[in-house]
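One structure below.
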Amino acid sequence: MTALRRIVVVGASLGGLRAAEELRSQGFDGSLTVVGDEVHAPYDRPPLSKQVLAGSWEPERTELTVFADGGLAALGIDWRLGTVAKGLDPAARELVLADGERLGYDGLVIATGATPRRLPGTDRIGGVHTLRTLDDCLAVRADLDAGARRVVVVGAGFIGSEVAATCRSRGLDVTILEALPVPLGQALGEAMGAVMGDLHRDHGVDVRVGTAVAGFDAGDADAAGGGRRVERVRLADGAAIDADLVVVGIGVTPNTGWLEGSGLALDDGVMCDATTRAAPGVVAAGDVARWPSRRFAELMRVEHWDNAITMGEHAARRLLAGDGPGHHEPYDPVPWFWSDQYDRKIQLAGRSSGADEVRVVDGSTAERRFVALYRRGDRITGALAMNRPRPLMTYRRLIERAATWGDALAESSSLPT
Ligand SMILES: Cc1cc2nc3c(=O)[nH]c(=O)nc-3n(C[C@H](O)[C@H](O)[C@H](O)COP(=O)(O)OP(=O)(O)OC[C@H]3O[C@@H](n4cnc5c(N)ncnc54)[C@H](O)[C@@H]3O)c2cc1C
């Protein structure tokens, strides 16, 4: 075991909590402080665009639990919730909080996640939302419960697509506006992105691609002093769409602003080495962390639930291993995520970007039940499944083994139906 006696985790969410849990399960018995700017105890975000938004779950169900006997309390964490970290002095090994307090540490885990990008000029218009936090979700849900009927989703990424699906399931009129030629084109490529667009059209969503938003029209402030609410979304081509509620899902920015000037390398995230180490005594994990993946020969920053868990755990072990020389296990997973839209479960394992070929090897896109594989050179690098969870896991294992494209295609003949 190591000489670390004081560890501070910044970010009280999935990556931070899993790191804290792993520190304890590895035997770390020193002081453990978790600093988080939200006031809530750690909660899970995926239900925010699904069950909680639909109204089928109450927010309490999203609370994150831990596997240790005795639950969260057994971890012996000094929780500093509602507390913003505003700076870091790595030489002095001190974290600076917004009120000026300095928290000394021997080891630090950075797990500050990401913040949604906003559209300029929308801050003071009621009914225009982003969706990242529980409070965001409850604000959108309150507008839906108050009778919003016409929903416009700006950006057809995963969050926007899920919000669209959930709002349709509530019987609302939904329009998706996407600047690129297909929904989810960056995540899945053009061909599979087109399938995602068709899935929404099947369910009566007005999907408009290649469309830029020019601005928003809002009504007058009401007599009771309420703010101006959105009434219309104006498009660059001159069209306008009536809207009671707008959800903007145009991507996120990693939360690294508080680390400016710290000397840590920041470039679309906290830059780590291949083992998740960012500086002496500092590791990073989850949506905020960027690292070189040897497996995929690229710098990766992954905004998925599963990665926040496995990277949080890896970073905790890396921190305990210390700064001395020796072999340190690289963090080199096959990323995996799921998305629930209507009655479809969409899963992607590995990487879809930079593919030389995308081939449907099982089922068909017309049935909305299929597996498609992504090839780079002579290797399988990614697999996308719609309502085919078991085969997806088979291909994930093949990607883990760096299987050839030929081996992956051969596997498709023995898939379960
Ligand atoms: C609505 C929604 C639905 C999703 N659905 C899916 C899904 O279906 N499948 C999937 O794979 N993934 C999904 N995700 C992604 C997944 O939830 C994230 O990848 C995961 O939450 C990342 O965890 P994290 O701990 O790295 O970051 P976060 O969960 O973002 O947590 C970071 C925490 O740090 C806090 N923080 C930031 N800056 C500071 C600071 N300076 N001081 C103190 N605290 C700070 C933040 O407020 C936040 O509480 C979804 C995300 C959202 C928002």
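Atoms within each ligand, like the ligands themselves, are counted from 1 in listed order. Numbering starts at 1 and runs along the sequence shown.
- The shortest contact between atom 4 (C) of ligand 1 and any protein heavy atom is with Pro46 CA, 3.5 Å.
- Between the OG1 atom in Thr404 and the CZ atom in Arg375 there is a gap of 11.5 Å [rounded to 0.5 Å].
- Of all protein heavy atoms, the one closest to atom 30 (O) of ligand 1 is Arg132 NH2, 2.7 Å.
- At least one N/O-N/O distance between Arg45 and ligand 1 falls below 3.5 Å.
- What sits closest to atom 26 (O) of ligand 1 on the protein, heavy atoms only, is Asp287 N, 2.9 Å.
- Not a single heavy atom of Lys86 sits under 4.0 Å from any atom of ligand 1.
- Residue Glu303 holds the heavy atom nearest to atom 15 (C) of ligand 1 of all those in Glu303, His40, Arg80, Gln347.
- Annotation: the span from Asp244 atom CG to Asp173 atom CG amounts to 9.0 Å, rounded to 0.5 Å.
- Ligand 1 has a nitrogen or oxygen under 3.5 angstrom from a nitrogen or oxygen of Lys50.
- Remark: ligand 1 and Trp305 share an N or O pair separated by less than 3.5 Å (distance only, no angle test).
- Side-chain contact between Glu329 and His327: present, with at least one pair of heavy atoms (C-beta onward) separated by less than 4.5 Å.
- At distances below 3.5 Å, not a single donor-acceptor pair connects side-chain atoms of Arg344 with backbone N or O atoms of Leu199.
- Residue Gly15 has at least one N or O atom closer than 3.5 Å to an N or O atom of ligand 1.
- No side-chain heavy atom of Arg118 sits less than 4.5 Å from a side-chain heavy atom of Ile250.
- Between His203 and Tyr342, the ring planes are parallel. Angles under 30° get that label, and only those over 60° would be called perpendicular.
- Residue Ala111 has at least one heavy-atom neighbour below 4.0 Å for each of these atoms of ligand 1: 32 (C), 33 (C), 34 (O).
- Looking at Ser13, Ala12, Gly82, it is Ser13 that brings a heavy atom closest to atom 31 (O) of ligand 1.
- Distances below 4.0 Å separate heavy atoms of Gly286 from the following atoms of ligand 1: 26 (O).
- Taking any N or O of Ser49, backbone or side chain, none lies under 3.5 Å from an N or O belonging to ligand 1.
- For atom 9 (N) of ligand 1, the nearest non-hydrogen atom of the protein is Trp338 O, 2.9 Å.
- Salt-bridge check for Arg150 with Asp242: passed, with a basic side-chain N closer than 4.0 Å to an acidic carboxylate O.
- Taking all heavy atoms of Gly113, Cys137, Pro254 into account, the minimum distance to atom 27 (O) of ligand 1 is reached by Gly113.
- With hydrogens left out, the protein atom closest to atom 49 (O) of ligand 1 is Glu38 OE2, 2.6 Å, a heavy atom.
- Expressed to the nearest 0.5 Å, how far OG1 of Thr253 lies from CG of Asp287 amounts to 11.5 Å.
- Atom CG of residue Leu48 and atom OH of residue Tyr43 lie 6.0 Å apart, to the nearest 0.5 angstrom.
- Salt bridge present: Arg102 and Asp89 bring a charged side-chain N and a carboxylate O closer than 4.0 Å.
- Heavy-atom contacts of Ala114 reach the following atoms of ligand 1: 30 (O) (cutoff under 4.0 Å).
- Closest to atom 50 (C) of ligand 1, if we only count protein heavy atoms, is Ile159 CD1, 4.1 Å.
- Under the 4.0 angstrom criterion for non-hydrogen atoms, Val288 is not in contact with ligand 1.
- Listed by atom number, the atoms of ligand 1 under 4.0 Å from Gly36 heavy atoms are 43 (C), 44 (N).
- Remark: minimum distance from atom 34 (O) of ligand 1 to any protein heavy atom is reached at Gly11 CA, 3.3 Å.
- Against a heavy-atom cut-off of under 4.0 Å, Phe337 is close to the following atoms of ligand 1: 11 (O).
- With values rounded to the nearest 0.5 angstrom, Arg351 atom CZ is found 14.5 Å from Ile380 atom CD1.
- Salt-bridge annotation for Asp407 and Arg379: absent, with no side-chain N of the basic residue lying under 4.0 Å from a carboxylate O of the acidic one.
- Proximity to Val84 (heavy-atom distance under 4.0 Å) selects the following atoms of ligand 1: 42 (N).
- Judged by the shortest distance from any of its heavy atoms, Thr83 lies inside the 4.0 Å radius around the atoms of ligand 1.
- Of the protein's non-hydrogen atoms, the one nearest atom 37 (C) of ligand 1 is Thr112 O, 3.2 Å.
- Separation of atoms CG (Leu103) and CD (Glu94) is listed at 9.0 Å; rounding is to 0.5 Å.
- Taking the six-membered ring for Trp and thresholds of 30 and 60 degrees, Trp338 and Trp305 have ring planes more than 60 degrees apart, a perpendicular arrangement.
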